[in-house]
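Remarks on the structure that follows.
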Amino acid sequence: MRIGVLGTGNMADALATHWARAGHEVTIGGRDSDKARRLATRIGGGTRAAGPRTAAEFGEVVLAALPFGAGADVARELRAALDGKALLDCANPVGPGFRLLTEGGPSAALRLAAAAPGAHVVKAFNLCHEDVWRMRPPVFDGRPLAVPICGDDDEALARVRELVRDVGCEPVAGGGLDRAGLLEATAAMFIGLWVGERADVQAIAPPLAYATGPKLQPGRV
């Protein structure tokens with residue numbers, strides 16, 4: 001698969017490294033050409049460096065590894081190059097005090113979709129720190145990390161599911177793009193609990209077998 005990456009930061013590094021190792025063709029697109037070249041060299045596997053427009057034109061999937069606030073602006077500039085592409089959004093609109101910056105308005109993913117209306121936006125990879133995505137693979141107690149995915153286009157979703165598996169994780173259907181805001185709000189809650197309270201968020205929910213309460217055994221009341 002051809003993957004264009006917009007951005008040269010930690011998320012671009014972590015995810016693109018997995019994908020290059022899996023045999024995908026990766027082009028890093030950065031406004032700072034030196035940073036793009038350094039990242040492409042570090043990733044290896046034939047990864048190339050280019051400007052953002054070239055990376056967007058190159059990719060069948062384009063990863064927007066950009067801070068919230070910058071993503072929509074870049075997508076608007078590149079909207080023609082992104083037309084028909086799967087545009088993968090991993091941004092977290094979380095501000096000081098673990099506040100959700102999109103509260104009362106469209107999600108970050110929907111803003112990206114509005115900026116590049118011809119692209120097929122998929123929300124994924126936003127619930128964990130970049131160093132979790134660097135793990136080879138992210139497996140805990142023998143169970144691969146599950147990655148919720150939100151999007152509306154079947155082909156784009158299929159491509160992103162493949163990329164999730166290439167990271168060593170299991171994709172989970174999260175619904176349409178209208179539900180991406182729930183993923184972003186979940187990230188704000190999780191980050192607040194992890195960082196602010198040092199709480200284990202895995203302790204919040206019961207196991208799947210108990211999701212609707214304990215099952216009564218025959219003869220018991």
Side-chain angles (χ1 to χ4, degrees), residues 1-7 11-29 43 45-48 54-66 71-72 74-75 78-92 106-128 130 132-139 143-184 186-187 208:
M1 192 185 308
R2 296 191 310 277
I3 302 170
V5 178
L6 303 178
M11 285 296 288
D13 187 353
L15 294 174
T17 296
H18 282 288
W19 297 334
R21 286 174 179 154
H24 299 293
E25 299 177 66
V26 178
T27 293
I28 303 295
I43 292 171
T47 300
R48 294 179 291 178
T54 299
E57 291 171 344
F58 171 81
E60 297 166 276
V61 174
V62 179
L63 171 66
L66 301 164
V74 172
L78 302 177
R79 58 189 296 172
L82 294 169
D83 194 44
K85 308 293 182 72
L87 180 57
L88 178 51
D89 174 34
C90 62
N92 273 327
S107 67
L110 286 176
R111 295 176 196 216
L112 207 63
H120 305 300
V121 177
V122 178
K123 187 81 184 188
F125 294 112
N126 72 303
L127 292 184
C128 296
E130 61 265 13
V132 172
W133 303 125
R134 293 182 197 278
M135 295 175 65
R136 300 176 59 186
V139 172
R143 184 172 64 178
L145 187 68
V147 179
I149 298 171
C150 293
D152 297 327
D153 182 81
D154 289 342
E155 184 176 349
L157 288 167
R159 290 185 184 280
V160 173
R161 284 195 295 269
E162 179 181 346
L163 295 179
V164 167
R165 293 188 179 101
D166 287 336
V167 174
C169 301
E170 287 297 324
V172 175
L177 197 64
D178 60 328
R179 293 177 63 83
L182 298 179
L183 270 183
E184 295 169 6
T186 298
L208 178 60

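Predicted model, so just to flag it, every value in this text is computed and none were measured.
For the side chain to side chain contact (heavy atoms under 4.5 Å, CB included) criterion with Ile149, the lone passing option out of Val164, Leu88, Val172 is Val164.
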Exercise for the section: Quick one: do Leu63 and Trp19 satisfy side-chain contact (heavy atoms from CB on, under 4.5 Å)? Show the steps, please. Expected result: CA-CA 11 Å; Leu63 171 66; Trp19 297 334; 3.9 Å; yes

Problem - Residues Asp83, Arg79; criterion side-chain contact (heavy atoms from CB on, under 4.5 Å); working and verdict - result: CA-CA 6 Å; Asp83 194 44; Arg79 58 189 296 172; over 6 Å; no

Exercise for the section: Apply side-chain contact (heavy atoms from CB on, under 4.5 Å) to Val160 and Val147, showing your working. Expected result: CA-CA 10 Å; Val160 173; Val147 179; over 6 Å; no

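Rounding to the nearest 0.5 Å places NZ of Lys85 at 10.0 Å from CZ of Arg159. The line from NE2 of His18 to CH2 of Trp133 is 9.0 Å long, rounded to the nearest 0.5 Å. Going from atom CG of Leu182 over to atom OG of Ser107 covers 9.0 Å, rounded to the nearest 0.5 Å. With values rounded to the nearest 0.5 angstrom, Glu170 atom CD is found 11.5 Å from Arg161 atom CZ. Between Glu162 atom CD and Leu157 atom CG the span is 13.0 Å, to the nearest 0.5 Å. Note that CZ of Phe58 is 4.5 Å distant from CD of Glu25, once rounded to the nearest 0.5 Å.
Between Ala64 and Leu87 the shortest heavy-atom distance is CB-CD1, 4.2 Å. In terms of heavy-atom proximity, Ala86 sits nearest to Ala156 at CB-CB, 3.7 Å. The shortest non-hydrogen separation linking Ala56 to Leu78 is CB-CD1, 4.1 Å.
Distance alone, capped at 3.5 Å, places no donor-acceptor pair between the Asp166 side chain and the Ala22 backbone. Looking only at distances, a side-chain donor or acceptor of Glu60 sits under 3.5 Å from a matching main-chain atom of Arg2.
Considering only heavy atoms from C-beta on, Pro138 comes within 4.5 Å of Cys169 through its side chain. The shortest distance between side-chain heavy atoms of Thr27 and Thr47 does not fall below 4.5 Å. Residues Val26 and Val5 have side chains in contact (heavy-atom distance under 4.5 Å, counting atoms from C-beta outward). Contact check for Leu145 versus Met135: no side-chain heavy atoms found under the 4.5 Å cut-off.
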Considering only distance and modelled atom types, tabulate donor-acceptor pairs under 3.5 Å from the side chains of residues 108-127, sequence neighbours left out.
from, atom 1, to, atom 2, distance (Å)
Arg111, NE, Pro106, O, 2.8
Arg111, NH2, Pro106, O, 3.1
Lys123, NZ, Asp89, OD2, 2.8
Lys123, NZ, Ala91, O, 2.6
Lys123, NZ, Glu184, OE2, 2.8
Asn126, ND2, Asn92, OD1, 3.0
Asn126, ND2, Leu183, O, 3.3

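No more than 12 heavy-atom neighbours from other residues, nucleotides or ligands sit within 6.0 angstrom of CZ on Arg179.
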